2 protein chains.
Amino acid sequence: MILTKTTEYAVRVLIFMAHEERGLFTARYVHERLRIPYKYLTRIMTDLAKQGYLESIRGRAGGFRFQKNLNKITLIKIIEAVEATDGFDKCILGLEDCSDENPCALHFVWEKTKKEFMKNLSNTTLADLVSIEIKKF
Amino acid sequence: MILTKTTEYAVRVLIFMAHEERGLFTARYVHERLRIPYKYLTRIMTDLAKQGYLESIRGRAGGFRFQKNLNKITLIKIIEAVEATDGFDKCILGLEDCSDENPCALHFVWEKTKKEFMKNLSNTTLADLVSIEIKKF
DNA sequence: CATAAATACTACACAAAAGTAGTATTTTTA
DNA sequence: TAAAAATACTACTTTTGTGTAGTATTTATG
């Protein structure tokens, strides 16, 4: 597994919200559109609000909307905000002190892949993803 | 997390065995050298034997040795044999039917990197890893 | 033949991620 | 002002990966 379910959900939610013109998104609406378990979803969205990515409005006419500008939110930031572990920045064989100087057997194979992927995640903002056509969330 | 612990262990064991000239490897010996929990390790090695990667010899002078030629065992095969899930070859957002024709938002961000990585894993055999110096297992 | 030491098997324990349930709080609206 | 509908919070349950324990089976060796 590359990302945890929680991270998958968080990324999907934010990309979905970035694509749809809408003042406020309730968790129920996002749940219905993305089929993410409702209660679990509310926790994730509340969490994203606490982390400063979303703004939450309470009460009957409440919901969520972006707090930051879309071009300020990179994919890597989202992942880091939600992912429990360090994600990618570990040795792929789980060894301590794995580095270029003291590499494990798979170090260089993985390092190249990891760097390239993380560069992509760092350079891609939600604003970038809005401009491309997406059919599935 | 990229690989499960189980897969990490399996890969480490096989790479270790490939590097050391030795007729037979007992689980106890591998445990002492690699510090992988003994009981867990025996399960993994027994499993690798069932999958045809290792041959197991029972009884007092028993142990494990390779069943196939080292240049026939690619890293991708090992991972696929042990990893519960499909490993890398899934949609990074967990969506069904994600493909070049019907891509998710992150499909092309991840796909190119993934393909390259999987190509490396497919082209690298245990025999290849024997020829490089490895200090840690 | 009995013991030792290895693999093989089964069941259970633990921890973390994922998901569910219920309640509290806030705010709109009839 | 009371009900409705939203977020916020807390606790529990389920699932899965990881790890532990004990026993059965096999085989070499004294």
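Because the structure is predicted, anything quoted here is derived from the model rather than measured. Just so we're on the same page: letters track the sequence lines, and every chain starts at 1. Any value given below was found using the heavy atoms of this structure, including those in side chains, with hydrogens, waters and symmetry copies removed.
- In this structure, A:Tyr29 is a member of the same hydrophobic cluster as A:Tyr53, with clusters built from ILVMFWY side-chain heavy atoms closer than 4.5 Å.
- In terms of position on DNA chain C, the residue among A:Pro37 and A:Ala61 whose nearest nucleotide sits closer to the 5' end is A:Pro37.
- Within a 6.0 Å radius of NZ in A:Lys77, other residues, nucleotides and ligands contribute 12 heavy atoms or fewer.
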* **Trace of the side-chain contact (heavy atoms from CB on, under 4.5 Å) decision for B:Ile2 with A:Lys90** => CA-CA 9 Å; B:Ile2 306 300; A:Lys90 302 181 305 182; over 6 Å; no

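- One can place CG of B:Leu54 at 15 Å from C1' of C:dA8, the figure rounded to the nearest angstrom.
- Distances from the side chain of A:Arg60 to the nucleotides C:dT27, C:dA18, D:dG19 place C:dT27 closest.
- Hydrophobic cluster membership is shared by A:Leu14 and A:Leu34, with clusters built from Ile, Leu, Val, Met, Phe, Trp and Tyr side chains linked at under 4.5 angstrom.
- Separating the CG atom of A:Leu41 from the C1' atom of D:dC9 is a distance of 16 Å, rounded to the nearest angstrom.
- Atoms CE (A:Met45) and C1' (C:dG19) sit 18 Å apart, rounded to a whole Å.
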Nucleotide N/O of nucleotides 10-15 of chain C paired with protein N/O under 3.5 Å:
| from | atom 1 | to | atom 2 | distance (Å) |
| --- | --- | --- | --- | --- |
| C:dA11 | N6 | B:Arg43 | NH1 | 3.1 |

Indicate every side-chain donor-acceptor pair of residues 35-45 of chain A with a distance under 3.5 Å to a residue at least two apart or in another chain.
| from | atom 1 | to | atom 2 | distance (Å) |
| --- | --- | --- | --- | --- |
| A:Tyr40 | OH | A:Thr6 | OG1 | 2.8 |
| A:Thr42 | OG1 | A:Lys39 | O | 2.7 |

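- In this structure, B:Arg33 is not positioned above the aromatic face of B:Phe25 in the sense of NZ or CZ being under 6.0 Å from the six-membered ring centre and within 45° of the axis.
- Contact check, A:Tyr9 against C:dA18: no side-chain N or O comes under 4.0 Å of OP1 or OP2.
- When the side chain to side chain contact (heavy atoms under 4.5 Å, CB included) test is applied to A:Lys114, the partners found at least two apart in sequence or on another chain are A:Phe88, A:Asp89, A:Trp110, A:Glu111, A:Met118.
- Look at NZ on A:Lys50: it is 15 Å from P on D:dT7, rounded to the nearest Å.
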Determine all donor-acceptor pairs shorter than 3.5 Å in which one atom belongs to a side chain in residues 62-69 of chain A; sequence neighbours excluded.
| from | atom 1 | to | atom 2 | distance (Å) |
| --- | --- | --- | --- | --- |
| A:Arg65 | NE | A:Glu55 | OE1 | 3.1 |
| A:Asn69 | OD1 | A:Asn71 | N | 3.2 |

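- Residue contacts for A:Tyr38: at a heavy-atom cut-off of 4.0 Å it reaches a base atom on one of the strands shown.
- At the heavy-atom level, A:Thr42 lies nowhere under 4.0 Å from the strands shown.
- Between B:Ser56 and the phosphate of C:dA6, there is no side-chain N or O to OP1/OP2 separation shorter than 4.0 Å.
- For a distance-only test at 3.5 Å, the side chain of B:Arg58 qualifies as a donor-acceptor partner of the base of C:dT7.
- Near DNA chain D, meaning a heavy atom under 4.0 Å away, there are no residues from residues 12-33 of chain B.
- Remark: C1' of C:dA18 and CZ of A:Arg35 are 18 Å apart, rounded to the nearest angstrom.
- For A:Ile57 and C:dT28, the CD1 to P distance is 11 Å, given to the nearest whole Å.
- In the set C:dA18, C:dA8, D:dT18, the nucleotide with an atom closest to the side chain of A:Lys5 is C:dA18.
- Taking every side-chain heavy atom of A:Tyr40 into account, C:dT20 is the closest of D:dA8, C:dT20, D:dT18.
- Annotation: side chain to side chain contact (heavy atoms under 4.5 Å, CB included) contacts of B:Asn123 (sequence neighbours excluded): B:Lys119.
- Put simply, NZ on A:Lys39 is 9 Å from P on C:dG22, counting in whole angstrom units.
- Look at CD1 on B:Ile36: it is 16 Å from C1' on D:dT20, rounded to the nearest Å.
- Regarding contacts with the backbone of C:dA8, a side-chain N or O of B:Thr46 is found under 4.0 angstrom from either OP1 or OP2.
- Ion pairing of A:Lys112 with B:Glu116 is present here, as a side-chain N (NZ or NE/NH1/NH2) and a carboxylate O approach within less than 4.0 Å.
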